[in-house]
> 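Please find one structure pasted underneath; my questions will follow.
Keep in mind that the numbers below use all heavy atoms, side chains included, and drop hydrogens, waters and symmetry copies.
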Amino acid sequence: MEYRSFADLAATIARNSYRLPADIDLIVGIPRSGMLAANMLATHLNLPFLDLESFVAGLDPYVGRTVRPTMRVDGSTAPARVLVVDDSILSGESMVEVRTRLAAAGLGADITYCAVYAAREDHPEIDVWLEIVGHPRIFQWNLMRHRRLGDACFDIDGVLCHDPAEDENDDGERYGQFLVNAKPLHLPGVPIKHLVTSRLEKYRAQTEQWLRAHGVDYERLWMLDLPSAEERRRLKMHAVHKARVYRKTNACLFVESEDRQAIEIADLSGRPVLSIEAQRIVWPEHQAEAARQRFQRRKSPPDTMGQGVRQALLRGLRSTPIGTAFVRKLRSLMV
């Protein structure tokens, strides 16, 4: 399982933006996730930015006062080279739809298609990618609507809702009020297989009431059958209980709120855990070295010869009017 956070996205863009053509005039983001990546790229490269709809409509980009003197955004000059960006590509179907639409719009610009994260090196639907991230993968910005939630274990406090304050955590009336009135944090957009919490079984009714009120669709709620929070603390059952359920269900992933507990659950279960606090995959101790080696191989400079040769050929073709027309015709045949 591969995971990328918002911080990872920013780092990937900063580290690999050199792969992009040097003469970009405008960056266009594909809604919705591509808007995030395109905005980061535009900020990093100090370039104007538009969403796809505004670009098709022929609107001029708007930029803040502080950067306005550094770029032309008054519409006096049409952008010659446009970079169309999505956050990732897997099947390529979404990018094909975008290419078809832009080809039909006949906007006249020379368009380069980019995905920050590609599943493999060869994606004919795009011209350039910034990093290879294989499948299965989850991104922070699509976690709560990812189909793998249908086979995952999810913590509740600190994930679906905020943690109780110290004065609310009295294992009594105030805690009961917290359970039914807790503010949501990350609500899922798809069904979750298992909700696994260290909340005590005696609070099942309040927990289920909150889940119904916030439309959380789940298959099973696993709670801790102990008489009191004091007993739970004495036995140190938080991570033990969660790791036990994780092993029993054979779920594909456990999503835990606290990084410290994520480490314990990973070691006890022998399975990777996603830490919401640290926004990282925590590996079991005996797998940590292998995971680190995989990470180092992934970070090592990949063979970019294919991309470099292709970009060089395209630049050569674009140097003449006939070549430019040929490139546009070639791209139109790819959609």
> Angle class for the H214/W210 ring planes (parallel below 30°, perpendicular above 60°, tilted otherwise)?
tilted
> Within the distance-only criterion (no hydrogens, no angle test), does the side chain of Y246 pair as donor or acceptor with the backbone N or O of P272 below 3.5 angstrom?
yes
> For the CG atom of L20 and the OG1 atom of T112, what is their distance to the nearest 0.5 Å?
8.5 Å
> Do K193 and E219 meet the salt-bridge criterion of a basic N to acidic O distance under 4.0 Å?
yes
> Does the E231 side chain pair with the main chain of S228, one donor and one acceptor, at a distance under 3.5 Å?
no
> Do W141 and V85 sit in one hydrophobic cluster, given that two such residues count as connected whenever their side-chain heavy atoms are within less than 4.5 Å of each other, even indirectly?
yes
> If you measure from CD on E256 to SG on C153, what distance do you get to the nearest 0.5 Å?
11.0 Å
> Answer with yes or no whether the hydrophobic clustering places L9 together with L45; edges join I, L, V, M, F, W, Y residues whose side-chain heavy atoms lie under 4.5 Å apart.
yes
> Rounded at 0.5 Å granularity, tell me how far OG in S275 sits from CZ in F254.
11.5 Å
> Salt bridge (charged side-chain N to carboxylate O under 4.0 Å, His left out) with R199: which of D163, D155, D157?
D157
> V28 and L59: same hydrophobic cluster, using ILVMFWY side-chain contacts below 4.5 Å?
no
> About how many Å separate CD1 of I276 and CD of Q261, when rounded to the nearest 0.5 Å?
13.0 Å
> Would you call E125 and Y113 a side-chain contact if the rule is heavy atoms closer than 4.5 Å?
no
> Return the minimal non-hydrogen interatomic distance between A229 and D171, and the atom names on each side.
N-OD2, 2.9 Å
> Under the salt bridge (charged side-chain N to carboxylate O under 4.0 Å, His left out) rule, what pairs show up with a residue in residues 43-53, not counting sequence neighbours?
E53-R101
> Run I27 and N39 through side chain to side chain contact (heavy atoms under 4.5 Å, CB included) and show every step you take.
CA-CA 8 Å; I27 293 180; N39 206 336; over 6 Å; no
> According to a hydrophobic-cluster definition based on side-chain heavy atoms being under 4.5 Å apart (Ile, Leu, Val, Met, Phe, Trp, Tyr only), do V128 and L41 belong together?
yes
> Hey, are R271 and N250 close enough side-chain-wise for a donor-acceptor pair under 3.5 Å?
yes
> Do S88 and V133 touch side chain to side chain, with heavy atoms closer than 4.5 Å?
no
> Could you give the distance from CZ (R232) to CE (M237), rounded to the nearest 0.5 Å?
10.5 Å
> Apply side chain to side chain contact (heavy atoms under 4.5 Å, CB included) to the pair S198 and K242, showing each step before the final yes or no.
CA-CA 8 Å; S198 296; K242 292 174 180 177; 3.5 Å; yes
> Partners of E201 by side chain to side chain contact (heavy atoms under 4.5 Å, CB included), sequence neighbours excluded?
R204, M223, D225
> Can you tell me how far apart CD1 (I138) and CD (E2) are? Round to the nearest 0.5 Å.
11.0 Å
> Taking F139's backbone N and O only, do any of them form a donor-acceptor pair with H146's side chain (distance below 3.5 Å, no angle check)?
no
> If I compare all heavy atoms of G270 with all of P284, which pair ends up nearest, and what's the gap?
C-CG, 3.3 Å
> Is it the case that one hydrophobic cluster holds both I30 and V56, taking links as side-chain heavy atoms less than 4.5 Å apart, direct or via other members?
yes
> Side chain of W129, backbone of E121: donor and acceptor closer than 3.5 Å?
yes
> Does L90 form a side chain to side chain contact (heavy atoms under 4.5 Å, CB included) with H135? I'd like the steps, not just the answer.
CA-CA 8 Å; L90 185 57; H135 191 69; 4.0 Å; yes
> Would you mind listing every ring pair (Phe, Tyr, Trp, His ring centres under 6.0 Å) that reaches into residues 22-45, with sequence neighbours excluded?
none
> Could you tell me which non-hydrogen atom of C161 sits nearest to which non-hydrogen atom of L185, and how far apart they are?
O-CD1, 3.3 Å
> Show the numbers, then the answer: is there a ring-ring contact (aromatic ring centres under 6.0 Å, His included) between Y175 and Y203?
CA-CA 9 Å; Y175 183 64; Y203 296 114; 4.9 Å; yes
> Please test E264 against R260 for salt bridge (charged side-chain N to carboxylate O under 4.0 Å, His left out), starting from the C-alpha separation and ending with a verdict.
CA-CA 7 Å; E264 293 181 45; R260 175 184 55 80; 3.0 Å; yes
> Let me see the working for I156 and Y218 under side chain to side chain contact (heavy atoms under 4.5 Å, CB included), right down to the final yes or no.
CA-CA 12 Å; I156 295 180; Y218 62 96; over 6 Å; no
> Can R174 and D167 be counted as an ion pair, charged N to O under 4.0 angstrom?
no
> Hey, does the side chain of D87 reach the backbone of A37 with a donor-acceptor pair shorter than 3.5 angstrom?
no
> Would you mind checking if E230 and R233 are paired as a salt bridge, meaning a charged N to carboxylate O distance below 4.0 Å?
no
> Please list, chain by chain and in numerical order, all residues satisfying side chain to side chain contact (heavy atoms under 4.5 Å, CB included) with R212, sequence neighbours excluded.
E208, Q209
> Could you tell me whether a side-chain N or O of R280 sits under 3.5 Å from a main-chain N or O of V282, the two making a donor and an acceptor?
no
> What pairs of residues pass the salt bridge (charged side-chain N to carboxylate O under 4.0 Å, His left out) test when at least one of them lies in residues 244-254, not counting sequence neighbours?
none
> Output all residues satisfying side chain to side chain contact (heavy atoms under 4.5 Å, CB included) with T12, sequence neighbours left out; order by chain, then residue number.
R15, N16, V116, Y117, L130, E131
> Should R148 and M1 count as side-chain neighbours, where that means a heavy-atom distance under 4.5 Å?
yes
> Does the pair D110/R81 count as a salt bridge with the N-to-O cut at 4.0 Å?
yes
